[in-house]
Number of protein chains: 2
Amino acid sequence: MGEAYEPRSGCPINATIEMFGDRWSLLVLRDIIFGDRRYFRELQAGSEEGIASNILADRLKRLVESGLLTREDTRPGQRARYSLTEPAIQLVPVFAQLGSWGLRHRPTSRALRLRAELLEQGGPALWHEFMDELRREHLGSESPARSPSVRERLNAAYLAATNSS
Amino acid sequence: MGEAYEPRSGCPINATIEMFGDRWSLLVLRDIIFGDRRYFRELQAGSEEGIASNILADRLKRLVESGLLTREDTRPGQRARYSLTEPAIQLVPVFAQLGSWGLRHRPTSRALRLRAELLEQGGPALWHEFMDELRREHLGSESPARSPSVRERLNAAYLAATNSS
DNA sequence: ACCTGGCGGTGGTAAATTGCAAGCACTATG
DNA sequence: CATAGTGCTTGCAATTTACCACCGCCAGGT
């Protein structure tokens, strides 16, 4: 994977799977999108699944090469911020469907399930509101911010569940 | 992967990725769902991406173990038919979103792109019609069949594109 | 100048996965 | 009896993945 290589077939589903069809790429993007993690160590330390540092480094590099992330270029030793690109932001509906399927057919923890449930209930309208929010944060687009943000709502539900259980 | 193992985390997205997060599982399901391939050699010979027989055998076994497919049990030497289960049928919206993303952000061939475009234009209504169709074919549920079927429509568009180009 | 802690990684190694080519046991057909 | 077709299985080499420890760089404090 990585840069622009030739896909095995011209099928859109295959072409997508070839970019994300591994155990980590989508999880890294998930943490950036829903967890608002922008820096290497934030991503590593906050990882639910415990990603190893070299795998995280490799995936970040591939995601940058394939145009899903941009990396603020800094001198070595200084922390660099990663930002989503428009293609990555458009993965929100994919995440919503993956989450919906998972909460119906896989064992999940109550707190983490809530995000997927809210995204499902909110439907495409909520997804697009969230995508606009991500464009503001990551692309610096100039559109009015609503409050509370979608992520704040998702996190509030998560926190409420972890405290009350 | 395979049978019911403990997921790395309780996140629905991760739980889903752990089932399909490889380069072949989803493609096998795609061919069964959209290509109506039900037998081992049909799947191997018709594969756009050229799956090897041992990998196909492994993935079919895992998909059966994890409850996404059922295998008609036959005497050895006789061909066995694979059928989708309800969880697998509910992957249709996931495929639709993966296809939509792929045709916007990845190079795809015109003919194969059409299926994804039709699924996108049809929206959730078409997805559910298609899922009902799959339930009839694979689960033997008793509901009235419409004509032409969704798959017939998808394939007709595909064939029209391959002939005219 | 020097230490300290945070920063984004790299290297070594072992395990798992993949892909290719053959072959196998069985059944149905002629 | 031979042939073709069924769903796989077996070796084996090559690649990929993953875990662990460790590294060099820079900023800030003293």
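Only heavy atoms go into these numbers, but all of them, side chains included; no hydrogens, no water, no symmetry mates. The chains referred to below are lettered A, B, ... by the order of the sequence lines, with proteins before strands, and numbering in each begins at 1.
Across the protein-nucleic acid pair, Q44(A) atom CD and dG9(C) atom P stand 11 Å apart, rounded to whole Å. Atom-to-atom, CG of L56(B) to P of dC8(D) comes out at 8 Å; the value is rounded to the nearest Å. Going from atom CD of E18(B) over to atom P of dT17(C) covers 13 Å, rounded to whole Å. Distance R59(B) CZ to dG7(D) P: 19 Å, rounded to the nearest Å. In this structure, CZ of R8(B) is placed 8 Å from P of dC19(D), rounded to the nearest angstrom. Whole-Å rounding puts the R23(B) CZ to dT17(D) C1' distance at 12 Å. One atom, CG of L43(A), and another, P of dG9(C), lie 11 Å apart when rounded to the nearest Å. Rounded to whole angstrom, the span from the CD1 atom of I51(A) across to the C1' atom of dC20(D) amounts to 15 Å.
Here the nucleotide nearest the side chain of N54(A), chosen from dT17(C), dC8(D), dG12(C), is dG12(C). Listed candidates were dG9(C), dG7(D), dA18(D). Nearest to the side chain of I55(A) is dA18(D). Considering only the side chain of S53(A), dT10(C) comes nearest among dT10(C), dG19(C), dA18(D).
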Between E42(A) and R38(A), is a salt bridge (charged side-chain N to carboxylate O under 4.0 Å, His left out) present by the stated rule, with each step listed?
CA-CA 7 Å; E42(A) 268 181 9; R38(A) 307 288 296 264; over 6 Å; no
Does the side chain to side chain contact (heavy atoms under 4.5 Å, CB included) test come out yes or no for L154(B) and V150(B), once each step is laid out?
CA-CA 6 Å; L154(B) 296 177; V150(B) 175; 4.2 Å; yes
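Comparing E42(A) and G50(B) by the nucleotide of DNA chain C that holds the closest heavy atom to each, the one mapping nearer the 5' end is E42(A).
Side-chain nitrogen and oxygen atoms of W24(A) include at least one within less than 4.0 Å of the OP1 or OP2 phosphate oxygen of dA18(D). The side chain of R71(B) contributes an N or O atom lying less than 4.0 Å from OP1 or OP2 of dC8(D). Distances shorter than 4.0 Å separate some side-chain N or O of R62(A) from OP1 or OP2 on dT17(D).
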What are the atom names and distances for every N/O pair under 3.5 Å that joins the protein to nucleotides 4-6 of chain D?
none

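Under the rule for a side chain to side chain donor-acceptor pair (under 3.5 Å), the partners of R71(B) that lie at least two apart in sequence or sit in another chain are Y82(B). Remark: F130(B) engages F34(B) in a ring pair (Phe, Tyr, Trp, His ring centres under 6.0 Å) (not counting sequence neighbours). Applying the salt bridge (Lys or Arg N to Asp or Glu O under 4.0 Å) rule to E152(A) yields no partners; only residues at least two apart in sequence or on another chain are considered.
When heavy atoms are screened at a 4.0 angstrom cut-off, R81(A) is found touching no nucleic acid atom at all.
For residues 76-87 of chain B, the set of pairs meeting the salt bridge (charged side-chain N to carboxylate O under 4.0 Å, His left out) definition, not counting sequence neighbours, comprises E86(B)-R135(B). Sorted by first and then second residue, the pairs that involve residues 91-102 of chain B and meet side chain to side chain donor-acceptor pair (under 3.5 Å), not counting sequence neighbours, are S100(B)-E120(B).
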